[in-house]
Amino acid sequence: MLGDQTSLILDQIRQASAVGQKLQIRGSGTKDFLGFIAPGLVVVETLPHQGVINYRPEELVVTVRSGTRLSELNAVLAGADQYLAFDPPQFGGDPTVGGIVASGLSGPGRPFRGAVRDALLGLTLATSEGTSVHFGGEVMKNVAGYDVSRLMVGAMGTLGCLLDVSLKVMPKPEHESCVSLDVSRDTLVASLSSWHRQAAVTGASFVDGKLLLRFSGSHEEVSRMVSRCAGEVVSGSVFSDLRDLKFSTSGDLLRLSVAANSRYGLDEAIAVDWAGGIRWLEDSGLDFDHLQQGHAVQYFGRSELTERYSPLSSGLQNIHLKLKQEFDSTSLFNYQRLYGAW
Amino acid sequence: MMSGPEAITNLLKRIPDASIIDDPNRLRVYESDGLTAKKQLPALVAIPDTVAALQQIVRTCYQHAIPVVARGAGTGLSGGAMPHPRGVLVSLARFNRILEVDEENLLARIEPGVTNLAISDAVSHLDLFYAPDPSSQVACTIGGNVAENSGGVHCLKYGLTVHNVRGLKILTAEGDIVSVGGVEYDQQGFDLLALLHGSEGMLGIVIEVTVNLIANPASVAVLMAGFDTCAAAADAVGSLIGQGIIPAGLELMDRLAIQAAEDFVQAGYPLDVEALLLCELDGSDDDVLEQVNLVEQHLRKCGAVSVTVAIDASERARLWQGRKAAFPAVGRISPDYYCMDGTIPRKQLAEVLDRITVLSTEYGLRVANVFHAGDGNLHPLILYDANVSGELAAAEAFGAEILELCVAVGGTITGEHGVGVEKIDQMCIQFSDHELAVFHGVKRAFDIKGILNPGKAVPTLNRCAEFGAMHVHSIQASEVESGMERF
């Protein structure tokens, strides 16, 4: 049965809480590899909680249940020539909107078109007490109360189970073209930085020794930019392949997030995304305690690591721990998924 | 102040570079922010010169459980920086340096007391700008912008403060320095950066901000369209965006606002229309040319009786000057005004504006509308005279009705001005007890003693229970009087 499963999910949470059973929140499982999944958790399936609740193209807003699959949402939006500007990764599957928001991962267009958190307008959350609470809304601007909605982005379900989500959607660009250019690693950072500033650029990345650029806008503008950069025109799939990590061949992949112009990890990177801000490293063997800049997540490989995210500063750890205690003091939700202590 | 006020004053006065003020005449300057209807003298004011001094002040206050209210330029419109009678008001005015402009990463690192406009001014030679532009941008500070998650004319396309800040350094209630976000595009763990935006100084004191810089668009045009009715202008807004066009800014002014602005700055607005839309388009030369034609045609189809296009920079500035000066312009035609900030779905604009007109007649108070129509963010200015007995109370009751109307049509009580002390009762209408309890949990996680800006933004459950009882009573009374149902 598909549709509104709110009361079933709330019941499951209340029952688990009563007997001290810990829960793993799971949509379609496209990000099962991400973070640590502790043994012995009982799964809360959000996938049956499907459906578009409200879509108003002229308001640029869509509200869906968290188990709604990306493919379904994309199809609905395409009907009105709209799309999700943050272009979430699919990792070869069909993620749910809940998982997309909880992981907070955005595609290669992120520096130009914004992230998941930028598009999130509001959500309904199942709390660890089994109540349903709503924050934000369907309007573009809302500063009533703390921004609890966005707090859920990247929390990997450790603060509550997402039920419904409202997202800002955007009109599709009239035209889009991608090009591939030769570039040396020595000039890569400067090159990415200068393209970042150009109008119509909506992607600036580096894979297989090539600089990849994406231009979006009117036909005239996109053609002008394509002829200006004198590269080889390639299929738009170069960016979706990068987004879904299709470049990775080894079983060991680390995502490093740093300042876009940093040299750190640049020489070893097998791919660079977000105009320089993300470096993908294979077989890095990087010890989180020796991370010199930014922060990192071990995506694949190194299964001996139960801490898959690099540690927070002590000040941030303290705030995270206290928030976790307030939202979910018994670690009912996604125990250890983000950090081992909770 | 709490225990042993003199002893604590002396403790604070001994902190080097803390610049403590306790002379009642000098405290008077800080008695309110932009919401001048709410006044309160603080026990003390501190204007620290250094982070170390600020840190010592906060640590001392934390130890003795003394309220701390942070203040930037005091331009806020919801009383978020209204002092606490037993507390220290901390002015961040002296933290006014731009620490670094990082052209390669398109970032600037600045202190909280830097004014909003000063950021764009400091990077204009690099052909860059900082996008959020509240109308008070000449005076308001970036620290306050973060605390309120300020918007402005250009957030329709470029987003609010939360979309344009990459990192913050905050001082916690305990007086510790914590960095949130930074030069990277994303953060680890929870999105604390978003949580701090709009938290009205209740979760931490901002001591450094890293903002995104954006390349100036190659081309900009402003269209000014006049309409015979407010409803037609309002409907044109949703219809335009439904066409897939996202202007950089899309603002609506009604007749009273147009006249006041025109009298004040002579922006060249037509005086024979009921409403004006100002629509800014930016991008590459080709894109802007194409869009200007599309938008002009569309606005005429929606009933625009006049459309003027301004390309020249000084002509554009003149058109915007009227809009940006609209609040002070309205201030010239009324002794006092009360500015509301509800946000609603765009398709409800015409209906809600209509209803506000009806309420205006009922309350016998004039209203000028000048607002961010593209975002559905209303700014009805209720005109009143505080010297006329009962008018302030009537204005507040009228304002409260507008906010409740916004919630009823699926919107929110505040889009960008914050809750502060002003809309705290309406929070009880927008949120359930469970939801308010979540807010209180967030507050506890950051500030267990509740010393940071207490009494603002989030009502206690007791307060809501009392407000609920009062509210039911007043609804019944007004239904009897007016004989009509409320929204």
Side-chain angles (χ1 to χ4, degrees), chain A residues 56-60 81 104 110-111 114-115 117-118 127 131 133-135 137-148 150-151 153-155 170-171 193 196-197 199-200 217-218 220-221 224 257-261 274 277 294-295 309-310 312-313 315-316 319-320 322-323 325-327 338, chain B residues 104-106 148-149 151 159-160 163 176 178-179 183-192 194-195 197-199 215 217-218 238 241-242 244 246 283-284 286-287 290 343-347 375-377 410-416 418-419 427 430-431 434-435 438-439 441-442 444-446 458:
Chain A
R56 296 190 235 150
E58 74 286 0
E59 299 284 343
L60 307 176
D81 257 340
R110 192 264 172 262
R117 49 105 70 179
D118 297 316
T127 68
T131 57
V133 285
H134 181 69
F135 299 100
E138 293 190 323
V139 290
M140 295 296 137
K141 296 160 95 173
N142 189 350
V143 290
Y146 303 126
D147 196 345
V148 175
R150 289 198 173 93
L151 183 63
V153 182
M170 292 295 282
S193 167
H196 187 177
R197 292 184 58 148
S218 65
E220 294 77 9
E221 178 65 9
R224 196 175 63 81
S257 179
V258 289
N261 72 341
W274 289 8
H295 52 93
Y309 293 82
S310 60
L312 299 164
S313 70
L316 287 177
I319 296 171
H320 274 68
K322 288 179 182 169
L323 281 168
Q325 281 166 351
E326 291 292 344
F327 279 85
L338 263 180
Chain B
E104 243 182 10
N105 286 313
L106 298 172
E148 304 295 331
N149 191 16
L160 305 159
H163 302 109
D176 298 331
V178 176
S179 289
V183 291
E184 301 93 22
Y185 280 108
D186 58 359
Q187 307 158 70
Q188 292 171 278
F190 306 154
D191 196 337
L192 300 183
L195 187 64
H197 277 81
S199 66
I241 290 169
I246 310 286
S284 66
D286 288 341
D287 286 3
E290 186 185 312
T343 301
I344 56 171
R346 279 179 284 264
K347 74 167 183 185
D375 291 315
N377 185 191
T412 176
I413 58 173
T414 174
E416 58 180 6
V419 174
M427 286 289 284
Q430 188 163 337
F431 295 100
H434 283 303
E435 288 152 358
V438 172
F439 291 150
V442 169
R444 274 194 304 274
F446 281 84
V458 182

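Quick note on labels: first sequence line is chain A, next is B, and so on, each numbered from 1.
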Name the region of [X], side chain, backbone, both or neither, that has any atom closer than 4.5 Å to a heavy atom of chain B.
| X | result |
| --- | --- |
| Ala115(A) | neither |
| Arg110(A) | side chain |
| Glu58(A) | both |
| Thr131(A) | side chain |
| Leu316(A) | both |

Option in [options] with maximal non-hydrogen atom pairs under 4.5 Å from chain A:
| options | result |
| --- | --- |
| Pro345(B), Gly283(B), Gly376(B), Ala215(B) | Pro345(B) |
| Asp287(B), Ile241(B), Asp176(B) | Asp287(B) |
| Leu106(B), Val458(B), Val419(B) | Leu106(B) |

Under the 3.5 angstrom rule, does the side chain of [X] hit a backbone N or O of [Y] as a donor-acceptor pair?
| X | Y | answer |
| --- | --- | --- |
| His295(A) | Asp186(B) | yes |
| Glu59(A) | Arg346(B) | yes |
| His163(B) | Asp118(A) | yes |
| Asn261(A) | Asn105(B) | no |

If I compare all heavy atoms of [X] with all of [Y], which pair ends up nearest, and what's the gap?
| X | Y | result |
| --- | --- | --- |
| His320(A) | Gln188(B) | NE2-O, 4.0 Å |
| Pro171(A) | Gly244(B) | CG-O, 3.5 Å |
| Leu160(B) | Met140(A) | CD1-O, 4.0 Å |
| Leu338(A) | Gly189(B) | CD1-CA, 4.4 Å |
| Val139(A) | Ile344(B) | CG1-C, 3.5 Å |
| Ile413(B) | Ala144(A) | CG1-CB, 3.9 Å |

Engaged part of [X] at the chain A interface, taking heavy atoms whose separation is under 4.5 Å:
| X | result |
| --- | --- |
| Glu290(B) | side chain |
| Val442(B) | both |
| Gln430(B) | side chain |
| Phe446(B) | side chain |
| Val183(B) | both |

For residues Val438(B) and Tyr146(A), determine if any side-chain heavy atom of one lies less than 4.5 Å from a side-chain heavy atom of the other.
->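 SC-SC contact between Val438(B) and Tyr146(A) ruled out.
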Can you check whether Asn149(B) reaches Asp147(A) side chain to side chain, under 4.5 Å on heavy atoms?
->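 SC-SC contact between Asn149(B) and Asp147(A) ruled out.
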Can you tell which of [options] has the highest number of heavy-atom pairs within less than 4.5 Å of chain B?
| options | value |
| --- | --- |
| Gly145(A), Gly277(A), Gly315(A) | Gly145(A) |
| Asp81(A), Val153(A), Leu312(A) | Leu312(A) |
| Ala199(A), Gly154(A), Gly217(A) | Gly154(A) |
| Val133(A), Thr127(A), Val258(A), Val143(A) | Val143(A) |

Nearest 0.5 Å, please: how far is [atom2] in [Y] from [atom1] in [X]?
| X | Y | atom1 | atom2 | result |
| --- | --- | --- | --- | --- |
| Arg444(B) | Lys322(A) | CZ | NZ | 12.0 Å |
| Arg117(A) | Gln187(B) | CZ | CD | 6.0 Å |
| Ile319(A) | Phe190(B) | CD1 | CZ | 11.0 Å |
| Glu104(B) | Arg197(A) | CD | CZ | 11.0 Å |
| Asn142(A) | Asn377(B) | CG | CG | 10.0 Å |
| Thr343(B) | Lys141(A) | OG1 | NZ | 6.0 Å |

Go through the structure and list residues passing ring-ring contact (aromatic ring centres under 6.0 Å, His included) with Phe327(A), not counting sequence neighbours.
->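 Residues passing ring-ring contact (aromatic ring centres under 6.0 Å, His included) with Phe327(A): none at all.
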Could I get the full list of ring-ring contact (aromatic ring centres under 6.0 Å, His included) partners for His196(A), not counting sequence neighbours?
->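 For His196(A) the ring-ring contact (aromatic ring centres under 6.0 Å, His included) partners, ignoring immediate neighbours, are Phe112(A).
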Side-chain H-bond candidate by donor/acceptor type, Asp286(B) with Ser218(A), under 3.5 Å =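 The criterion, which ignores hydrogens and geometry beyond distance, is not satisfied for Ser218(A) and Asp286(B).
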Would you check if there is a donor-acceptor pair between the side chains of Ser284(B) and Glu221(A) at a distance under 3.5 Å?
->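 Ser284(B) and Glu221(A) do have a side-chain donor-acceptor pair below 3.5 Å.
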